[in-house]
Number of protein chains: 2
Amino acid sequence: MTAQDGATTPRWLDEQEMAAWLPLLRVVQLLPQALDRRLRSEAGIGHAYDQVLATLSAQPERALAMGELARLTATSPSRLSHAVAALEERGWVSRRPCPTDRRIQYACLTDGGFALLAGIAPGHVAEVRRVVFDGLDAEDVARLRVLMTTLSGVLAEPPVPSAQVAREGHVRGA
Amino acid sequence: MTAQDGATTPRWLDEQEMAAWLPLLRVVQLLPQALDRRLRSEAGIGHAYDQVLATLSAQPERALAMGELARLTATSPSRLSHAVAALEERGWVSRRPCPTDRRIQYACLTDGGFALLAGIAPGHVAEVRRVVFDGLDAEDVARLRVLMTTLSGVLAEPPVPSAQVAREGHVRGA
DNA sequence: CCGTGACAGTTGAAGGTTCAAGCAACTTCT
DNA sequence: AGAAGTTGCTTGAACCTTCAACTGTCACGG
């Protein structure tokens, strides 16, 4: 029941590609779940929120404009706004206006937020190590780095305006 | 924040690991977004729902017990229940009871669901190709397969029942 | 100075995911 | 048979993400 028939089909995934695609799909689905579960049981926040806090903590002033923060964490402005609102309500982040440009808001990591981060970081890195790096040797890590850098580069590009994706004549291997 | 306290901290990520971890995190975050956006604009469903339909379409009878379907798509029973309910409401899946075990429900892909799938499959595979395989040569694909298979194997294991949670710094509440 | 447009961030509603309960049907043990 | 436990799936509430619309601010040009 594979859709191989259409004349408009750009070339189906071959066996090798499929053998890479299915596990990748699984990793992409299960890895955030694993990270979320651990963090949520330890701190009550998902790993997306943790990433916000961690990114702030890495800044010299523990503060960042919303836009920059959104860019660094690869999230949408809307999502970040909601996230920072939730984190602010829990006292881990505070907002401060920018003196020179009143459109800009800075998100600042509070001492409480920093303490929280310090508390959960060990467990978090242990989990990352368990699910990712414990199974890999140095060469694997190097290959993973190259591959993921390539993919994240493509994913960072704009989402392709519209329909002009499907023009690929090249057929090589079935 | 550089934690190196041997006893509680398992060992921080070194430079090589960090250089692999950050792009991996990004891929894990952006890849589902890219797939979701494309599918949602074409069919009004996210890629999780598409995966349900696709898995059903690959079965001999285009049907599967909920439990099996949950296992194959690596989703929780609850999530699948909600998903199938939504897909059923749109007429792409129907539920049928099992004659021999009345606890079991079969999810069946309808003709409409199959037609939808046939319609979106070309665009979907084109997107997968664009964001993943267009940037990789045959060796890269082989490496990706090995790496992702390893990781998905670890992730498939039980979420660590109790094991090493010992260090609970407990900052929660607040 | 005022209008236009771009930019930074927020808001609310709709939909998806998760968690903890819960119900019903099967199994096992006595 | 009947009680107790297990399995298979569903439900509802809380939360998170997304999308489109919106507010307020700045920059530019007449």
Starting from [atom2] on [N], measure out to [atom1] on [X] and report it in whole angstrom.
X      : N       : atom1 : atom2 : answer
L87(B) : dG15(C) : CG    : P     : 14 Å
R37(B) : dA20(D) : CZ    : C1'   : 14 Å
R90(B) : dA14(C) : CZ    : P     : 15 Å
L39(A) : dC16(D) : CG    : P     : 13 Å
Q51(B) : dT17(C) : CD    : P     : 11 Å
I45(A) : dC16(D) : CD1   : P     : 10 Å
R38(A) : dT18(C) : CZ    : P     : 17 Å

inquiry  = For D137(A), I'd like to know if atom CG has over 12 heavy atoms of other residues, nucleotides or ligands within 6.0 Å.
reply    = yes
query = Near R95(B) CZ, under 6.0 Å, is it more than 12 heavy atoms from other residues, nucleotides or ligands?
reply = yes
ask   = Is it true that D111(B) and R62(B) make a salt bridge, defined as a side-chain N closer than 4.0 Å to a carboxylate O?
value = yes
inquiry  = Does this structure show an ion pair linking D140(B) with R145(B), if we count only N-O contacts that are shorter than 4.0 Å?
reply    = no
task = Might you point out which heavy atoms bring C108(A) and A63(A) nearest each other, and give the distance in Å?
result = SG-CB, 3.7 Å
key: Minimal non-hydrogen separation, A65(A) against Y106(A), with atom names   = N-CD2, 3.4 Å
remark   = Residues of residues 25-33 of chain B with a heavy atom under 4.0 Å from any atom of DNA chain C, listed by number, are none
request  = Between protein and nucleotides 7-12 of chain D, map the contacts as a letter string: B base, S sugar-phosphate only, - none, heavy atoms under 4.0 Å, written 5' to 3'.
outcome  = BSSBBB
ask   = For R40(A) and dT18(C), is the shortest distance between a side-chain N/O and OP1 or OP2 below 4.0 Å?
value = no
message = When you group the ILVMFWY residues by side-chain heavy-atom contacts below 4.5 Å and let the links chain together, are V93(B) and I104(B) in the same group?
response = no
ask   = Should E17(A) and R129(B) be marked as a salt bridge (Lys or Arg N to Asp or Glu O under 4.0 Å) after you check the CA-CA gap, both sets of side-chain angles, and the distance that decides it?
value = CA-CA 9 Å; E17(A) 290 167 332; R129(B) 209 166 262 298; 3.0 Å; yes
request  = Answer with base, sugar-phosphate or nothing: what part of the nucleic acid does R71(A) contact at a heavy-atom distance below 4.0 Å?
outcome  = nothing
query = How is A48(B) classified with respect to the nucleic acid when contacts are heavy atoms under 4.0 Å: base, sugar-phosphate, or nothing?
reply = sugar-phosphate
key: Heavy-atom side-chain proximity of V146(B) to R143(B) below 4.5 angstrom   = no
